[in-house]
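One structure below.
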Amino acid sequence: MSDKRRTTSQAQTDLGTYYDRLGLWTTLMRPFGYGGGSAQLTVHRLLADPLAGGRPTATRLHDLIVSRLPVHERPRMLDAGCGLGGTMLDLTERWGGSAVGLTLSQTQRDSALRAAAARGLAQRVDARVQSYDHPPAGPFDVIVAIESLAHSVSPWTSVAALARVLAPGGFFVIVDDMPEPAALGSSTLQAFREGWRAPVVWGRRQYLEAFGAERLALVTDDDLTGESRLRTLAQIGRMERLNRVARTLAPARWRVVLDSYYGGLALERMYREGLMRYRMLIARRS
């Protein structure tokens with residue numbers, strides 16, 4: 001195996017371990033009021049939902065995706081970075097069809113498969129421990145990558161690999177945190193990248209260039225930043241200080257969890273300072 005492939009493989013293994021440890025932490029802390037989006041089987045950003053009186057929900061993003069995609073009946077979907085399976089389960093129930101989800105975490109895969117069976121979708125929804133740099137052959141009518149490509153060692157490689165299995169007329173949906181040019185080189189962006197195991201964080205321009213290289217036509221470019229609900233800068237500062245104190249006291253194996261939370265605080269800080277945008281880009285194979 002070449003050095004490059006070995007490095008990529010090790011990074012994917014480390015990321016899978018990172019996901020598993022965060023999942024265990026979430027399970028342990030749920031009785032104390034922590035749990036992220038586990039109840040909805042999602043870990044992506046909650047957005048203000050007009051159907052819930054403005055309260056942030058996990059399904060608001062799914063509503064937006066459905067409203068933007070004139071997909072045909074019963075599409076075949078690939079969820080690149082499916083996490084606990086919430087997105088592919090929800091969209092499969094709405095659209096019909098089938099879905100395959102990819103994750104680097106065995107724990108997440110097991111959770112997604114249990115949830116699919118509980119909803120009567122075991123025959124139509126699959127989850128695999130597999131890199132989205134080497135996706136199933138497809139072709140897929142819809143590919144979604146929600147807050148997952150930020151973890152790619154090479155987003156260009158990942159986008160190209162996924163584009164190759166997109167069916168003619170199919171849609172490629174990317175939703176992610178995308179830094180503004182002014183954020184590049186900042187210590188806050190570095191803290192986010194380190195905490196969230198995000199080696200390369202692309203902005204909007206890089207994704208558009210990758211779409212163009214794969215001959216995908218951009219059909220939706222939505223800035224969803226205003227629908228996020230964030231702490232104030234003062235609250236973020238207090239949480240950052242508390243996090244660093246806790247890290248000095250925590251056992252070594254749990255420091256990765258505290259670093260992840262610190263990365264999340266750095267991300268919120270960038271949003272508050274106008275250095276980060278939450279975007280949904282959708283491209284189509286002509």
Side-chain angles (χ1 to χ4, degrees), residues 15 18 22 25-26 34 36-37 42-50 54-58 60-61 64-65 81 83 145-156 158-159 173-211 218 220-248 250 255-282:
L15 187 57
Y18 165 77
L22 285 179
W25 174 266
T26 297
Y34 298 91
T42 61
V43 291
H44 64 243
R45 186 76 43 79
L46 304 184
L47 299 177
D49 191 339
R55 177 175 58 84
T57 69
R60 171 58 177 166
L61 181 56
L64 290 169
I65 292 172
I146 300 176
E147 298 178 24
S148 58
L149 292 178
H151 296 295
S152 174
V153 175
S154 170
W156 194 278
S158 301
V159 170
V173 182
I174 295 176
V175 183
D176 224 318
D177 304 292
M178 301 186 190
E180 296 286 87
L184 302 182
S186 69
S187 60
T188 314
L189 179 59
Q190 183 66 20
F192 162 63
R193 289 175 52 194
E194 291 176 354
W196 277 28
R197 298 297 194 273
V200 181
V201 182
W202 267 7
R204 171 181 176 273
R205 179 179 60 82
Q206 287 95 338
Y207 282 112
L208 297 186
E209 289 175 353
F211 284 158
L218 183 70
T220 294
D221 183 353
D222 285 344
D223 186 343
L224 306 178
T225 307
E227 299 194 36
S228 299
R229 294 296 176 262
L230 306 169
R231 296 177 179 89
T232 65
L233 282 172
Q235 290 171 327
I236 293 169
R238 287 194 294 270
M239 294 296 292
E240 287 172 333
R241 292 189 291 273
L242 179 62
N243 180 284
R244 294 298 86 178
V245 171
R247 192 182 189 281
T248 64
R255 289 173 188 166
V256 65
V257 176
L258 291 167
D259 287 345
S260 175
Y261 280 109
Y262 192 79
L265 291 168
L267 179 63
E268 285 194 69
R269 179 175 289 280
M270 281 191 290
Y271 275 110
R272 278 296 184 189
E273 294 176 349
L275 299 176
M276 185 72 76
R277 313 301 294 177
Y278 193 61
R279 296 186 182 276
M280 177 167 67
L281 306 177
I282 302 179

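What you see is a predicted model; the values in this text were computed from it and never measured.
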* Structure fact -> Closest non-hydrogen atoms of Asp176 and Ala150, given as atom of the first, atom of the second and distance, are OD2-N, 3.4 Å
* Going from CZ on Arg279 to CH2 on Trp202, what distance comes out if it is rounded to the nearest 0.5 angstrom? -> 15.5 Å
* **Smallest separation among heavy atoms of Gly263 and Trp196, with atom names** => C-NE1, 3.7 Å
* Take Leu61 and Tyr278 through the side chain to side chain contact (heavy atoms under 4.5 Å, CB included) test and state the conclusion after the steps. => CA-CA 11 Å; Leu61 181 56; Tyr278 193 61; 3.9 Å; yes
* Between Arg197 (side chain) and His151 (backbone), is there a donor-acceptor pair under 3.5 Å? -> no
* Asked: Is there a side-chain contact between Val175 and Leu64, using heavy atoms and a 4.5 Å cut-off?
  -> no
* Got Pro56 and Asp49 here, is their nearest side-chain heavy-atom distance under 4.5 Å? -> no
* To do: With sequence neighbours left out, write down each residue that passes side chain to side chain donor-acceptor pair (under 3.5 Å) with Glu273, or none if nothing qualifies.
  => none
* Which residue pairs pass the salt bridge (Lys or Arg N to Asp or Glu O under 4.0 Å) test when at least one of the two sits in residues 224-238, sequence neighbours left out? -> Arg60-Glu227, Arg231-Glu268
* Any donor and acceptor pair, going by atom type alone, linking the side chain of Asp222 with main-chain N or O of Leu224 inside 3.5 Å? -> no
* **Stepwise side chain to side chain contact (heavy atoms under 4.5 Å, CB included) check, Arg204 with Asp223** => CA-CA 10 Å; Arg204 171 181 176 273; Asp223 186 343; over 6 Å; no
* To do: Could you tell me the separation between the OG1 atom of Thr220 and the CG atom of Leu281, rounded to the nearest 0.5 Å?
  => 9.0 Å
* To do: Carefully, step by step, assess Leu149 and Tyr207 under the rule side chain to side chain contact (heavy atoms under 4.5 Å, CB included).
  => CA-CA 10 Å; Leu149 292 178; Tyr207 282 112; 3.5 Å; yes
* Hey, are Glu240 and Arg244 close enough for a salt bridge, meaning a charged N less than 4.0 Å from a carboxylate O? -> no
* To do: Quick one: closest heavy-atom pair of Leu258 and Ala250, and the distance?
  => CD1-CB, 3.6 Å
* Side-chain donor or acceptor of Arg269 paired with backbone N/O of Ile236 under 3.5 Å -> no
* **Side chains of Leu208 and Arg205 in contact at under 4.5 Å (non-hydrogen atoms)** => no
* Asked: Closest approach of Ala266 and Ala191, non-hydrogen atoms and distance?
  -> CB-CB, 4.0 Å
* Asked: For Glu194, which residues count as a salt bridge (charged side-chain N to carboxylate O under 4.0 Å, His left out) partner, sequence neighbours excluded?
  -> none
* Asked: Is the backbone N or O of Ser154 less than 3.5 Å from a side-chain atom of Ser158, with the two atoms forming a donor-acceptor pair by type?
  -> yes
* To do: For Arg247, check salt bridge (charged side-chain N to carboxylate O under 4.0 Å, His left out) against everything at least two apart and list the hits.
  => Asp259
* Asked: Thr225 and Met276: side chain to side chain contact (heavy atoms under 4.5 Å, CB included), yes or no, with the steps?
  -> CA-CA 8 Å; Thr225 307; Met276 185 72 76; over 6 Å; no
* salt bridge (charged side-chain N to carboxylate O under 4.0 Å, His left out) against Asp177, all qualifying residues, sequence neighbours excluded -> Arg45
* Structure fact -> Rounded to the nearest 0.5 angstrom, the CD1-CG distance for Ile282 and Leu218 is 9.0 Å
* Asked: Are the side chain of Arg193 and the backbone of Pro199 linked by a donor-acceptor contact shorter than 3.5 Å?
  -> yes
* Could I get the full list of ring-ring contact (aromatic ring centres under 6.0 Å, His included) partners for Tyr271, not counting sequence neighbours? => none
* **Atom of Ala183, atom of Leu275 and distance for their closest heavy-atom approach** => CB-O, 3.5 Å
* Asked: Can you name the closest pair of heavy atoms from Val200 and Val153 and give their distance?
  -> CG2-O, 3.4 Å
* Interatomic distance, Trp156 atom CH2 to Gln206 atom CD [nearest 0.5 angstrom] -> 9.5 Å
